[in-house]
Amino acid sequence: MIEQRLKSAVRDVLDFPKPGIVFKDITPILKDPQLCEAVVECMAEPLDANTIDMVAGIESRGFLFGPMLAQRLGKPFVPIRKAGKLPYTTVREEYALEYGCATIEIHSDAFAPGSRVLVHDDLLATGGTVAATSRLIRRLGGSVAGYTFIISLDFLNGRACLADFSPIIHSLIGYD
Ligand code: AMP
């Protein structure tokens with residue numbers, strides 16, 4: 001079972017990056033090539049590649065499995081990055097964090113209008129990051145083809161802010 005293998009591999013780091021947070025560290029997965037292959041396979045399995053034109057991954061841990069998933073689906077990969085990192089012209093969105101706010105960007109020519117973009121990140125928490133990503137995709141004339149995560153922290157109810165964009169929300173493991 002992928003769930004059991006993943007739950008054993010993911011490492012809880014207490015009080016990182018600040019007191020009270022239990023950080024889900026996915027780096028042990030990367031040390032197991034067979035588990036990496038299973039992760040990509042299981043993420044791709046419920047998806048219909050005919051409904052997806054691109055895969056977007058979110059900096060930085062969305063860059064670990066996002067390109068592998070895109071390659072597995074035979075689709076282009078597009079990076080969503082923190083402000084000031086992308087070299088060409090960009091479109092940006094701000095979103096609220098627990099304290100303060102953050103900004104993410106996408107290249108203005110990342111995909112053609114009308115593209116259906118699958119959004120990938122390692123972990124869904126409150127949903128703020130992927131909701132801002134979804135707004136970027138819409139602003140470039142695209143639509144969200146769905147979401148795929150390795151982990152969802154279901155007690156934070158992040159799925160609620162994604163329902164407006166797509167009902168297709170997959171996660172390999174969840175924590176209630
Ligand atoms: P959110 O916007 O609240 O859904 O936060 C999701 C983003 O923050 C993802 O890019 C995650 O990598 C990161 N993140 C939030 N909480 C955690 C956590 N407990 N463990 C690891 N990463 C987290």
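Since the structure is predicted, the reported quantities are computational estimates derived from the model, not experimental observations. Positions are given from 1 along the sequence.
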Participant: So do Y95 and I104 actually touch side chain to side chain, heavy atoms under 4.5 Å?
Facilitator: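 With C-beta onward as the side chain, the pair touches.
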Participant: For L30, what residues pass the side-chain contact (heavy atoms from CB on, under 4.5 Å) criterion, not counting sequence neighbours?
Facilitator: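 L30 satisfies side-chain contact (heavy atoms from CB on, under 4.5 Å) with C36, L64, F65 once adjacent residues are dropped.
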Participant: Would you indicate whether the side-chain heavy atoms of I169 and F149 approach each other to under 4.5 Å?
Facilitator: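 Heavy-atom side-chain distance check passes, below 4.5 Å.
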Participant: Mind checking the CG-CG spacing from D53 to L73? Nearest 0.5 Å is all I need.
Facilitator: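 Reported to 0.5 Å precision, the distance equals 11.5 Å.
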Participant: Any idea which heavy atoms bring A102 and L97 closest together, and the distance?
Facilitator: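 A102 and L97 have their closest heavy atoms at CB-CD1, 3.8 Å.
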Participant: Is the closest side-chain heavy-atom distance between I151 and L172 below 4.5 Å?
Facilitator: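 I151 does not reach L172 side chain to side chain.
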Participant: Rounded to the nearest 0.5 Å, what separates atom SG in C101 from atom CD in E94?
Facilitator: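 It comes to 4.5 Å.
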Participant: Look at the side-chain heavy atoms of Ile, Leu, Val, Met, Phe, Trp and Tyr, link any pair under 4.5 Å apart, and say whether I29 and I173 land in one connected group.
Facilitator: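 Per the 4.5 Å side-chain linkage, I29 and I173 are co-clustered.
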Participant: For the side chain of S166 and the backbone of I168, is there at least one donor-acceptor N/O pair under 3.5 Å apart?
Facilitator: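 Here the side-chain-to-backbone pair exists.
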Participant: Could you name each residue pair satisfying side chain to side chain donor-acceptor pair (under 3.5 Å) that touches residues 4-14, not counting sequence neighbours?
Facilitator: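 Every side chain to side chain donor-acceptor pair (under 3.5 Å) pair that includes a residue of residues 4-14, provided the two are not neighbours, is R11-D25, D12-K24.
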Participant: Give me the atom names and distance for the closest heavy-atom approach of F63 to G57.
Facilitator: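 Where F63 meets G57 most closely, the heavy atoms are CE2-O, 3.3 Å.
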Participant: Side chains of R159 and S152, heavy atoms from C-beta outward: is any pair under 4.5 Å?
Facilitator: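 Yes, side chains in contact.
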Participant: Give a yes or no on whether K18 atom NZ has more than 12 heavy-atom contacts from other residues, nucleotides or ligands under 6.0 Å away.
Facilitator: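 Correct, the count exceeds 12.
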Participant: Do Y147 and S171 have side-chain N/O donor and acceptor atoms under 3.5 Å apart?
Facilitator: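 Judged by distance alone, the side chains do not pair up.
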Participant: What are the two closest non-hydrogen atoms of F77 and A70, and how far apart are they?
Facilitator: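 Closest pair (atom of F77, atom of A70, distance): CB-CB, 3.9 Å.
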Participant: Do M54 and V91 sit in the same hydrophobic cluster, where Ile, Leu, Val, Met, Phe, Trp and Tyr count as joined when their side-chain heavy atoms come under 4.5 Å apart?
Facilitator: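 Yes, M54 and V91 fall within the same hydrophobic cluster.
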Participant: For G158 and L124, which heavy atoms make the closest approach, and how far apart are they?
Facilitator: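 What the structure gives for the nearest pair is C-CD2, 4.1 Å.
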Participant: So which atom in P67 and which in G62 form the shortest heavy-atom distance, rounded to 0.1 Å?
Facilitator: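 The answer is CD-O, 4.1 Å.
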Participant: Decide yes or no for M43 and H170: does some side-chain heavy atom of the first lie under 4.5 Å from some side-chain heavy atom of the second?
Facilitator: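 M43 vs H170: side chains apart.
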Participant: Please examine the side chains of V117 and V144, heavy atoms only from C-beta on, and report whether any two atoms are closer than 4.5 Å.
Facilitator: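 Not touching, per the 4.5 Å side-chain cut-off.
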Participant: Ignoring hydrogens and angles, tell me if any N or O in the side chain of H120 forms a donor-acceptor pair with the backbone of T148 under 3.5 Å.
Facilitator: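 Here the side-chain-to-backbone pair exists.
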Participant: When you measure from the side chain of R92 to the backbone of A83, do you find a donor-acceptor pair of N or O atoms at a distance under 3.5 Å?
Facilitator: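 Not confirmed, R92 side chain does not pair with A83 backbone.
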Participant: What closest approach, in Å, do C161 and A131 show between heavy atoms, and which atom pair accounts for it?
Facilitator: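 Residues C161 and A131, closest heavy atoms: O-CB, 4.3 Å.
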Participant: Hey, are the side chains of L47 and I52 touching, using non-hydrogen atoms and a 4.5 Å cut-off?
Facilitator: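 A side-chain contact exists here, since the closest heavy-atom pair is under 4.5 Å.
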Participant: If only atom types and distance count, is the side chain of E105 paired as donor or acceptor with the main-chain N or O of G84 below 3.5 Å?
Facilitator: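 Yes: the side chain of E105 pairs with the backbone of G84.
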Participant: Run the side-chain donor-acceptor check on residues 106-113: report pairs under 3.5 Å with partners two or more places apart or on a different chain.
Facilitator:
residue	atom	partner	partner atom	Å
H107	NE2	Y88	N	3.0
S108	OG	T89	O	3.3
S108	OG	T89	OG1	2.6

Participant: Assess whether atom CD of Q71 is packed by more than 12 heavy atoms of other residues, nucleotides or ligands within 6.0 Å.
Facilitator: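 Check fails, neighbour count at 12 or below.
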Participant: Got I26 and L123 here, is their nearest side-chain heavy-atom distance under 4.5 Å?
Facilitator: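 Not in contact.
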Participant: Are the side chain of R81 and the backbone of S60 linked by a donor-acceptor contact shorter than 3.5 Å?
Facilitator: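 Not confirmed, R81 side chain does not pair with S60 backbone.
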